[in-house]
2 protein chains.
Amino acid sequence: MPPLPSPPDRITQTLVRHGLRQTPVRRAVLAAVAGKGYALSGPEIEREIGPGTTDRITLYRTLKSFEQHGLLHRVPDDTDVLRYAACSIECSAEAHFDNHVHFRCGTCTHTYCLSQVAVPAVALPGGFRADRRHYLLSGTCQLCQPAG
Amino acid sequence: MPPLPSPPDRITQTLVRHGLRQTPVRRAVLAAVAGKGYALSGPEIEREIGPGTTDRITLYRTLKSFEQHGLLHRVPDDTDVLRYAACSIECSAEAHFDNHVHFRCGTCTHTYCLSQVAVPAVALPGGFRADRRHYLLSGTCQLCQPAG
DNA sequence: CTTTTTTGTGCAACGTCGTTGCGAATAGGG
DNA sequence: CCCTATTCGCAACGACGTTGCACAAAAAAG
């Protein structure tokens, strides 16, 4: 009895949709970032997928590729490391649609994507043309609140 | 005829107000950042004050000190370098009051402080407590608009 | 299935930004 | 002017991220 072709999983679909090849590294990186509700830095992703899975160079190249193809977006931060989070499903290489607020917790240091909170609009002075808006809050998250 | 004591300039005042000593490096760094309407990175400040004025280590220590004492604030960015801008006059070591929008121009790469544009409020999910808000726009600034 | 081509991976080496430790210099109060 | 706490500069270091090139793997072609 020949094995039935199993339906493509979510990660496979995502890679296919953005025209990227299936490779173990890409699957691992995507799996590590996609599940999280918060943004991960390069080193964090490295730890997440296991140090032996890939080397730093390939990881950073993968992240850059994912960003360009609309699978991940950079999350601004007031630190000197870059952080990435999974894009919403309708993002593409041409345009991003991640207009949600980010929240950085000073205690657990996670930067959460509050996907249910939209970025409010602002009126810009004449001459400024914005194509991307980021709203970043810092404070204490749900899980890190002091008891009381 | 003895020279009259000249009135303390703005930079002297700022250092005194925050309880910091007057040193050439601090005056130079403060002068470089205070005039600008946009945020500067460490290397940019270094270039601004002249490479021979100080070495990197002292510069970064100065920036950290200024940040802690409320003279400068970090401006979030989606790059891996830290950028600083001058605080408004009422900022102190205890609290910052720079609730203005920042605008990053992709052409000239400057991150402007739009001090006249306030950061709009958002409603947070229960449990999140924010003490600092950042609003960052990216696009094209007044000076870099394509003609037409 | 095999071959070809295209694309991704890993190694080595490197550049930049930012940091620690410690002795020398300096600001500011007596 | 002198003393003391603070700051500066040097040396060395560490982390993050990047480039160039040879090899390997994935997709496409036969």
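Naming convention: chains lettered A, B, ... in sequence-line order (proteins, then strands); numbering from 1 in each chain. Just so it is clear, the structure is predicted and the values come from calculations on it, not from any experiment.
- Of the residues in residues 29-40 of chain B, none has a non-hydrogen atom less than 4.0 angstrom from any atom of DNA chain C.
- In this structure, B:Asp80 atom CG and C:dG15 atom P are separated by 17 Å, rounded to whole Å.
- B:Gln22 places no side-chain N or O within 3.5 Å of a backbone atom of B:Arg27 that could act as its donor or acceptor partner.
- Minimum heavy-atom separation, A:Phe103 to A:Ser138: CZ-C, 4.4 Å.
- Nearest heavy-atom pair across B:Ala32 and B:Leu40 is O-CD1, 3.8 Å.
- Listed by chain and number, the residues in a side-chain hydrogen bond (donor to acceptor under 3.5 Å, both in side chains) with A:Glu67 are A:Arg74 (sequence neighbours excluded).
- Listed for the A:Gln142 side chain is a donor-acceptor partner under 3.5 Å among the backbone atoms of B:Gly126.
- Heavy-atom distances to DNA chain C give each of A:Ser65 and B:Gly42 a nearest nucleotide, and the one nearer the 5′ end belongs to A:Ser65.
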Before giving the answer on side-chain contact (heavy atoms from CB on, under 4.5 Å), spell out for A:Leu63 and A:Leu82 the whole-Å C-alpha distance, their side-chain angles and the decisive distance to 0.1 Å. CA-CA 10 Å; A:Leu63 292 175; A:Leu82 302 176; over 6 Å; no
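- Summarising the geometry, the separation between OH on A:Tyr60 and P on C:dG15 is reported as 18 Å, rounded to the nearest angstrom.
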Under 3.5 Å, side-chain donor or acceptor atoms of residues 105-120 of chain B against the rest of the protein: list the pairs with distances, not counting sequence neighbours.
{"residue": "B:Thr111", "atom": "OG1", "partner": "B:Arg104", "partner atom": "NH1", "Å": "3.2"}

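- Put simply, CD on A:Glu46 is 13 Å from P on D:dT18, counting in whole angstrom units.
- The CG-C1' distance, from B:Leu82 to C:dT19, rounds to 12 Å in whole Å.
- Put simply, A:Arg56 has no side-chain N or O that comes within less than 4.0 Å of OP1 or OP2 on D:dC16.
- For A:Thr54, a side-chain nitrogen or oxygen approaches OP1 or OP2 of C:dG10 to under 4.0 Å.
- Rounded to whole angstrom, the span from the CZ atom of B:Phe66 across to the P atom of C:dG18 amounts to 16 Å.
- The stretch residues 68-76 of chain A has no heavy atom under 4.0 Å from DNA chain C, so no residue of it qualifies as close.
- Sorted by first then second residue, the side chain to side chain donor-acceptor pair (under 3.5 Å) pairs that include residues 119-137 of chain B, not counting sequence neighbours, number zero.
- Listed by first and then second residue, the side chain to side chain donor-acceptor pair (under 3.5 Å) pairs involving residues 48-66 of chain A are A:Lys36-A:Glu48, A:Asp55-A:Thr58 (not counting sequence neighbours).
- Remark: P of D:dT7 and CZ of B:Arg27 are 15 Å apart, rounded to the nearest angstrom.
- Among residue pairs with one or both ends in residues 105-116 of chain A, none qualify as salt bridge (charged side-chain N to carboxylate O under 4.0 Å, His left out); sequence neighbours excluded.
- In terms of the ring-ring contact (aromatic ring centres under 6.0 Å, His included) criterion, residue partners of B:His100 (sequence neighbours excluded) are, by chain and number, B:His73, B:His102.
- Note on B:Phe128: it does not cluster hydrophobically with A:Val75, by side-chain heavy-atom contacts below 4.5 Å among ILVMFWY residues.
- For the ring-ring contact (aromatic ring centres under 6.0 Å, His included) test, no residue two or more places apart in sequence or in another chain qualifies with A:His69.
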When Watson-Crick pairs (N1 to N3 and N6-O4 or O6-N4) and G-U wobble pairs (N1-O2 and O6-N3) count only below 3.5 Å on both distances, what is the dot-bracket string of DNA chain C, with | for other-strand pairs? ||||||||||||||||||||||||||||||
Treat primed atoms plus P, OP1 and OP2 as sugar-phosphate and everything else as base, then score nucleotides 20-30 of chain C 5' to 3': B for base contact with protein heavy atoms under 4.0 Å, S for sugar-phosphate contact only, - for none. BB-----BS--
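- Among the nucleotides C:dT9, C:dG18, D:dG9, the one closest to the side chain of A:Thr62 is C:dT9.
- One can place CG of A:Leu15 at 16 Å from P of C:dT7, the figure rounded to the nearest angstrom.
- Rounded to a whole Å, the CZ atom of A:Arg26 is 19 Å from the P atom of D:dA24.
- When the ring-ring contact (aromatic ring centres under 6.0 Å, His included) test is applied to A:Phe66, no partner is found at least two apart in sequence or on another chain.
- Both A:Pro43 and B:Gly19 sit near DNA chain D, but only B:Gly19 has its closest nucleotide nearer the 5' end.
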